[in-house]
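Naming: A, B, ... by sequence-line order, numbering from 1 per chain.
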Amino acid sequence: MSPGLLAQSLVLGILTGGMYALMAAGLTLIFGVMKVINVAHAAIIVMGAYLSLTLFRHLGIDPLLSVLLLIPVFLALGALIQWSVVNRLAERDITLTVLMTFGFAIILEGLQGAIWTSSYQGIKTGYSLESFQLFTLYIPVVRLISAGISLLLLAGLYALLTFTKLGRAIRATIQNRTAAQLVGVDVRLVTTVSFAIGIAIAGAAGPLLGMLFTFYPATHWLWIGKLLAIVVLGGLGSLRGAFVAAMLLGIAEQVTSVTLALGWAPMIFYVFLFGVLVVRPQGLFGAVERQSL
Amino acid sequence: MTDDLAIHSVAKSFGGITALSDCSLEVRAGSITALIGPNGSGKTTLFNCVTGFYRPEQGDMRFGDAVLVGLRPNEVVHLGIARTFQVTRIFKNMTVLENMIVPIRQLGLRTLFTAGIKGHERQRAEELLEFFGIAFLRDELAGRLSFGQQKLLELAAALMAEPKLLMLDEPAGGLNPVMIDRLTAYIRELNAGGMTFLIIEHNMGFVMQLCEPVLVMHRGRVIARGTPDAVRANPAVLDAYLGD
């Protein structure tokens with residue numbers, strides 16, 4: 001492979017990885033705080049894509065603007081789901097939440113099929129096919145914008161976790177739930193807010209997904225596998241890990257698709273995931289945690 | 001009303017195994033009360049009930065005027081009761097200073113997004129770290145500290161919430177004699193400042209020189225209460241430890 005082609009696939013990989021990181025961030029945050037695997041995460045992202053498509057087609061609202069509009073909507077939705085269902089189940093038996101979110105994914109899929117039909121969709125704006133040249137590199141505008149927005153949102157999340165009281169409480173709850181309660185952290189409030197933030201990020205990733213990829217109601221099954229792989233590779237609950245793993249997946253996909261064939265791309269990533277888990281079962285940045293009272 | 005801890009007829013069982021049964025005791029404000037008893041006598045279960053980690057099936061628990069039954073652990077902390085665990089519960093991937101700053105007075109919706117560390121919080125954290133002689137470790141990751149240093153950090157972090165009652169679960173466990181002497185001195189100094197202590201401990205030397213009264217638990221209830229000497233001379237206590 002020529003150096004130029006390698007550089008091109010690296011750039012595309014990084015741009016795609018940025019968006020993968022945003023899609024996986026909410027999933028790993030929710031797992032970190034609650035130990036809940038949100039199987040419906042990708043279905044929520046696809047829901048964001050459909051809502052953005054509708055806003056674009058019927059009201060002419062640009063999908064980039066709909067990212068901002070969808071954040072508060074999904075924040076409220078996340079808080080409602082957490083408070084009304086997830087919290088109750090999580091307190092009884094955490095494993096039930098997998099079944100519950102699985103069911104929720106199927107409900108969302110059915111709802112999307114009923115409203116928008118099962119045909120392939122994509123959000124095509126005036127700048128969808130535009131690209132520009134940087135030295136010898138060819139940069140698609142939509143990919144650059146979606147990576148930029150993803151990084152901005154992730155930076156916002158990082159700042160929230162690092163510099164605010166809430167962030168301190170979330171990090172404490174992720175590291176040791178018992179100790180967090182012990183020092184006065186209201187873990188129920190932290191849990192609700194974290195779940196809501198996780199769902200809001202998923203909603204925000206929807207329009208970006210819709211601009212870059214075609215989607216239909218059942219697409220979320222393809223995505224949730226990828227997202228879970230990213231989260232597991234990075235280390236369950238680690239945002240930094242999810243970011244690095246998303247970048248690795250993005251780059252691995254692009255480089256493999258130009259050197260071998262597009263079909264090999266997921267396999268290379270999963271082989272890498274398998275190898276890492278053999279050596280580090282907790283993932284790249286995951287912590288081994290003792291669970292006892 | 002003073003901040004006495006009053007526990008009356010508390011019961012707690014786990015799937016048919018009775019951990020606490022008709023358990024009653026009182027911890028007077030300003031005392032250093034010891035809670036001793038053989039393994040499995042219910043001491044830690046009682047701690048978990050008082051601090052909101054377990055909900056007792058029956059009985060009444062009060063701290064001053066406040067009813068404790070039904071409160072969540074963070075609410076108990078805000079009433080002025082802090083605790084430590086047998087196995088330290090610290091945030092191992094945070095620095096020593098961050099561990100100190102995590103304690104939050106009240107996390108309401110209004111204060112959620114306010115900026116991190118306040119000046120007075122940092123100052124108090126530094127003072128406490130100085131007090132326990134671990135200030136030089138402030139920027140070290142807590143997980144890298146020695147076992148004894150982690151115990152001191154947990155104790156220091158518990159004090160950040162300015163508790164009135166501090167419940168320590170085997171504070172001397174695993175500490176060397178020099179550390180135990182230091183710990184004894186710290187507890188005395190804090191107690192002289194008005195803080196109440198309830199201490200579970202197996203190290204009898206530590207208990208006998210520091211605590212009064214001493215409460216003895218056996219099979220989920222308190223079977224003796226008195227001065228260290230009186231408890232030592234009590235035949236029921238000997239039976240509990242040696243088996244009857």
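- The number of heavy atoms from other shown groups lying within 6.0 Å of OH (A:Y158) does not exceed 12.
- Considering all non-hydrogen atoms of both residues, A:A179 and B:R89 come closest at CB-O, 3.4 Å.
- In plain terms, the two heavy atoms of A:N176 and B:I90 that are nearest each other are ND2-O, 3.9 Å.
- In the displayed structure, A:F274 atom CZ is contacted under 6.0 Å by at most 12 heavy atoms of other residues, nucleotides or ligands.
- The minimum heavy-atom distance linking A:R168 with B:I101 is given by the pair NH2-O, 2.9 Å.
- For A:R88, the CZ atom counts as loosely surrounded, since its 6.0 Å shell holds 12 or fewer non-hydrogen atoms of other residues, nucleotides or ligands.
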So B:F53 and A:Q181, side chain to side chain contact (heavy atoms under 4.5 Å, CB included) or not? Walk me through it. CA-CA 9 Å; B:F53 286 93; A:Q181 287 176 295; 3.4 Å; yes

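- Judged by distance alone, the side chain of A:Q175 and the main-chain N or O of B:N93 form a donor-acceptor pair under 3.5 Å.
- What you find for A:L182 and B:V77 is that their closest heavy atoms are O-CG2, 3.0 Å.
- For B:R72, the part sitting under 4.5 Å from any heavy atom of chain A is the side chain, from C-beta outward, and nothing else.
- Atom CZ of A:F102 has 12 or fewer heavy atoms from other residues, nucleotides or ligands within 6.0 Å.
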